[in-house]
Structure formats: structure tokens, C-alpha cells
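Data first, discussion second: the structure below is written as C-alpha cells.
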Amino acid sequence: MRRLAAALLLTATPLIPAPIQAGEIWVTNEKDDTVSVIDTDTLEVIKTYPTGERPRGVTFSKDFKRLYICASDSDTVQVMDPDTGEILHDLPSGEDPEQFVLAPDDRHLYIANEDDAITTVVDTETRQVVAQIDVGVEPEGMAISPDGKIAITTSETTNMAHWIDTATHKLFANTLVDSRPRHAEFTADGSQLWVSAEIGGTVTVFSVADQRELGKVHFAISGVNDDLIQPVGFKFSPDGKRAFVALGPANHVAVIDTASFEVTNYILTGRRVWHMAWSPDQSRLFTTNGVSGDVTVIDVASETPVKSIKVGRFPWGAAMRP
Amino acid sequence: MPKKTLCRVAVAAVSGFCLMPASGLHAEPLAVEVVYLRQQEMRPPVLSNLDPVPEDLGIAGAEVAMADNATTGKFLGQTYTLNVIDIAPEGDLPSAARDALAGAGLVLVDGTAAEILAVADMPEAAGKLLFNVASGDEALRSADCRANLLHTIPEDGARTDALMQVLAAKRWSKLAMITGPKPADLAYADHLRRSAAKFGLTLVGEKAWSFDTDLRRAATVELPPFTQDLPDHDVLLVADETDDFGRYVENNTWLPRPIAGSEGLEPQGWTHVMEQWGAVQLQNRFEQTAGRDMRSRDYAAWTAVRAIGEAVTRTGSADPATLRDYMLSDAFQLDGFKGRGLSFRSWNGQLRQPIAVANARALVTLAPVEGFLHQRNETDTLGLDEPESQCHAFTE
């Protein structure tokens, strides 16, 4: 529709340049060593590019000119030109980089080294490791506060969120969460940190000011055994009022009221739903479904799934570029 | 892509880790000592020498878990030590056990069911917390259960239940069985029979293993006629728990049939072909430490030590009674790389865990199989459930 509207607009007023550009969702396929590129208007895979081994975490630079990819089994973070799919260079990442977060300075990557119990900080300009920080066993979830002052690593077997002072690269707090923490996100105002625990089946909300636990989100889906409800990746809605939490083998995304920490809805997805990304206009959410090898497109207004898109084997991470 | 090109990175500035106690947690320094008490067994000779039993079986699993606990402990001011007491086959278990129990409250016991029970019944074991990491014996989870003894190795009946769930789901319902002569073979065969009946499968014929030839030369000659008079079946079960003759059955049968039980499609607490649910990370850590694949007894020791670590982390205590209470509570959840949280059955102390039904190359299904329902937890469809267990020590 948007394209049609754009075309009509162009016909009517030929002096207005550049039609509305469709957005893209980039999905890493863990068992195919590729990224799939989905057009957010046509909802089709338009390109597939080869990557290093076992690509997982994925994110764009602020100008969307570089795509960073955790190539876990190649022990590197790759930098791809998203216009050509060409790998520009590799960054030192420490062993087995699984997930990372780009600092608000658009320059430093904080990387979880899953096999090494380390968080590595890399300067993407000098391509040097700036620091390595000892954290718990199997670090995975990575987050950074909106002001860039606090980085978070969650460790799956130690069951903690480790709070890193980005000025000193030292831990200043470690907070226990439920079993197997997977993902962490700060709220947009930086006042809260949310951490999902896959085996514990909960999301814990912390006050960033004093690392105090503010509450915990619990889940229940009729007909799904409690121990298969495993919260992993999640995103906040642009207005901050809702959180969308992928529940892994429960094959649903939960919608949470961020004011009450209560679940308001469950949305059916593909199998083992994992991470997600917003469309550029934030009307749709794209979830990676590892076991079914597809991406579910969710209409955010109605909170309903509208399409499944086949991608590669074991889609893991997702990142948007407009 | 070149593999492993950038294994080591140049570190411009490495910040040391910081021994900062976790916020709002129990931060008093705490030293946790765990004993691994092993009575070595006299293993009967087996036909093939291809797969020797590792000397550090079980112990290596405890060591990997200790390292995991120590990493977590450093954020909490908690330290862990493992004391391995390894008793020769002709050694004096009671006196070694007494010494071990005098100094430590948390003990993993590796031996036969009778040996484990003897240790648990010592006066010195009262008030201590013991973990059976070796015996799948049913009585230890039933009439012979002890309040101070938890079990992290799956019971044999849970393994055979898992296998039968998989066969039932595939509708491979007609079974035949070859049973070895050793007590462990006979006991396992009994579990296979009972599990087959439990899940509605039919055992159409059985034969007792009676060969005394060297099967490395004769299997192809002897096995076809030996299996020829079995009624037609979907799957041939093999009960050979000492790994003696089972390897020679596959592809040597009269009818072309899959093999399951102690050979072929095997139900196990752990197998090196587990790779989902983050299992690769544990496999990698284990392989780096032990230089071999992780086996079920290693995993049982790993889960016992990790259960201790998890309970110490959450309670801030190393007191056996405190840890036991926490482990048996609903709050306890251990991530065991099997896709579901592990917990203890509060009525008999058995670790509730999925069972891998796998062949030598791949996982076939992680039981409980979808569709086998239970009112409390689907994993309780495997092994003795509360109404069947004669264990009362946990409710007294």
C-alpha cells in the first residue's frame, strides 16, 4: 500500500524526490551461516548473504552503513556492508561471541563471550580490544543504559546480571535473577532494567538507581506446561507502555503492561521464538523462530500474527534498517 | 570461512575482575566443601576392549561443576573445594566413609546400591546431605529410601519409561528382547518389561543370552540363527548393562530390525550427542577439562554439585539441612541443559529430569515425549511416581 501510495504521489507531483524506502529486517541463521534480509513491505526474503560460522547476535551502526554480526564459531565479530553483503573486516571479539550491544557512542561494542565467562569491550574504530571483564559462567544477555554509563551482562549458569561501570570497566554490582538469564534491556528512560530468565520462567525488573528488585513478571498459558514457558528475547514498544517477550518453546510472545508488570495477551508464533525486531514504522514486530526456521510477523496494533516468512536454519538474531 | 582464526585477542587494557559482592545478597565469606566418595568396582571382563570405562568417570563431572560454582561464588564471597576419596575395590569403604563424613556435610557417593545405602545408614551420616550419583536401583527411591540421600542419577525405570514413550509415540509396538545373564541385565530387562506394559507395548518374545564364544569372530555366524525363532517384532531390545555382547547384535539379526535398550537406541541421563538447550557449552567445558566425552555418571555428579551451588547461592548457607530444605522446595530450579528446569521429587529425593533417548550419532527424542501427560509435571511420567513409591522417609 505504501508503495502504491508513493507511486501515486510521484505521478501527481513528480518534483517530490525519493519514494518511501521499504525497511529491512536482517536475520542471522545460526545453522546456515547466513543472514536473510526481509523486506518489511512485501514480507519476502529479498537477499541472503553468507557470514562466518554460527552467526547469532546482530546489530546496525547508527547510520545503518555497517552491520555487526557475532560469528560465534569463527570467534569474531564481522562487519558487513549491508548494501553489498560484503564483509568489510573482522573485529577481535574474544572467544565465542554470542550477543553484544552497541554503546550510544556508536563506537564501542560490549560482547558476551559465552565459552569464556568474559565480557569483551571492542573499539570498532581502532579495532582494538579495550577491556575484558570477568563475569559469570556463560555470559549472554547484553544491554547498555541510554546514557552509556552502565553495561549489563547476564550469565546463564551463574544466574546473575552483572553491572559494569563503562568508565572503569569494573563491576559495581551483581544481582541474582532466576535460572538461566538470557536477555536484558533498559527502559528508554534508563530507570529500569529488565532481565529474562529462561529456565526460571520469569522476567525480573530492577531499579537502576539502586539495583533493587521492583517486581517480577510471571507467565501462564492454558495448555502449555509451565516449564516450557521460557522467556528469552524481548523488546519494549516505542511508547514504552508494552513489553513483548518471546517465550521460546511455548511458541508465543507475551505482551506485558509495563506499569503493572502483568501479562495482557499471548500471541502465537512459530516454534522456539527467540529474538525480535521492529519494522521502521513500528507497526509490526518480526520474531525469529529457531526450530521452525521462520520469522513471524506480528501486527502490533491488533497483537495478532499476520504472516510466517521462511528463512534459513535456526534463525536467531534480528535487526532493522529503514 | 577460516575456522578458529581469531581465538586469542590482543588485549589493550585488561581490567581485573572485581570481588564485589552481589547487591543485597548474602555476602559473608563462605567456604563450601564437597566430598566425592567413590568405591571402585571390580568390572567383569567384556567381549570388546573398544570402549574402556574412563578412570575419572563421575569425578570429572563433579570437577567441572565445582569450577562453575567457583565462578559464581567469586561474586558472592563463596569458595568451593572438592575432596575426592577414591577407594580401591578391595579397600575399606566403611572406615573411609566415616572419615569423610566426620569432616564434611555434603557428600557425593559413587558405588553400588548396597554400598550407597550402607554409607547413608552410618551414624556419622545423620544430618548430612548425600547424593547418589551412580545407582539407578529402584529400591533406593522406594522402600529403601533415606531422608539424607538425594539421587541425581536417573532411576533405571525412568530410563526404560523414556524409551517406551518414544517407541509408543512411533507405534513400534511389538518388541522382542535378548537378556544377558548378569544381575544388572536381568534387573534392566525387568524394567524394560514393566515399562513396555506401562505404555501399552507388547513383548512378543524373549531369549536369554547364552553364548560363550568370542563374538568378535562369530557374531555374523551365530546371531542370525539365534534371533531367527523370535516372533516378528518392530524393535529388538537388548538388556546388556555391562556392555558385554550388545554391540554385536546390531546388523547381525535375522530380521532387519532396529535395536534398543542397552544398545542402539539408548535411554540415558546424558550423552555426548546432546547439543540443544545450550548443552554444547557444557560439553565443551567438560571436554576441555576431562579430555573426553561426558557420560551419564559425570552428568549425575555435575548436577549434584551444581544443585549444591545453586542452593548455596540462594540461601547463603552451607548447612546441609538448610540446603536440603531448599532443594526439596518449590523454589529450587536447576538449569541442566535439558530444556526444562530440574527439581527434586519431594517424596523420594530423585532429581526430576528429562531423559535423552539417543543413538550413537544423534538425539532421537528428549523424553518426556509430548502427549504423555501428568497432572503435576510431565517429567513425572518417567520413573516411580508418588503413588507408586514406597518411600516414606521424606514425609516423616
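Each chain gets a letter, A, B and so on, in the order its sequence line appears, and its residues count up from 1. Computation of the quantities below employed the complete heavy-atom set of this structure, encompassing side-chain atoms and omitting hydrogens, waters and symmetry-equivalent molecules.
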Over 12 foreign heavy atoms within 6.0 Å of [atom1], [X]:
X      : atom1 : value
A:R271 : CZ    : no
B:R376 : CZ    : yes
A:K149 : NZ    : no

Just checking, is any N or O donor in the side chain of A:N159 or B:E310 under 3.5 Å from an acceptor N or O on the other one?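 Yes.
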Is the shortest side-chain N to carboxylate O distance from A:E198 to B:R340 below 4.0 Å?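 Salt bridge flag = no for B:R340 with A:E198.
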Of B:N284, B:L342, B:T379, B:T72, the largest count of non-hydrogen pairs under 4.5 angstrom with chain A goes to B:T72
Counting heavy-atom pairs closer than 4.5 Å to chain A, which one of B:Q281, B:Q288, B:R285, B:E378 comes out on top?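 Answer, by heavy-atom pair count under 4.5 Å with chain A: B:Q281.
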Out of curiosity, [X] [atom1] to [Y] [atom2], how far, rounded to the nearest 0.5 Å?
X      : Y      : atom1 : atom2 : result
B:L76  : A:N174 : CG    : CG    : 7.5 Å
B:K74  : A:D134 : NZ    : CG    : 4.0 Å
B:F337 : A:E156 : CZ    : CD    : 7.0 Å
A:L228 : B:E370 : CG    : CD    : 8.5 Å

Which heavy atom of B:Q333 sits nearest to which heavy atom of A:S179, and what is that distance?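 That would be O-OG, 3.9 Å.
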Closer than 3.5 angstrom, by distance alone: can the side chain of A:E138 be matched with the main-chain N or O of B:G278 as a donor-acceptor pair? no
Non-hydrogen atoms of chain A under 4.5 Å away: do they reach the side chain of B:L373, the backbone, both or neither? neither
Heavy-atom distances under 4.5 Å only: say whether A:Q230 touches chain B with side chain, backbone, both or neither.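 Answer is side chain: those atoms of A:Q230 sit under 4.5 Å from chain B.
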Select one option (side chain, backbone, both, neither) describing which atoms of A:R212 are under 4.5 Å from chain B's heavy atoms.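 For A:R212, neither part sits under 4.5 Å from chain B.
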Going by side chain to side chain contact (heavy atoms under 4.5 Å, CB included), B:T71 matches just one of A:T157, A:V135, A:V137. Which one?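 The residue from A:T157, A:V135, A:V137 that satisfies side chain to side chain contact (heavy atoms under 4.5 Å, CB included) with B:T71 turns out to be A:V137.
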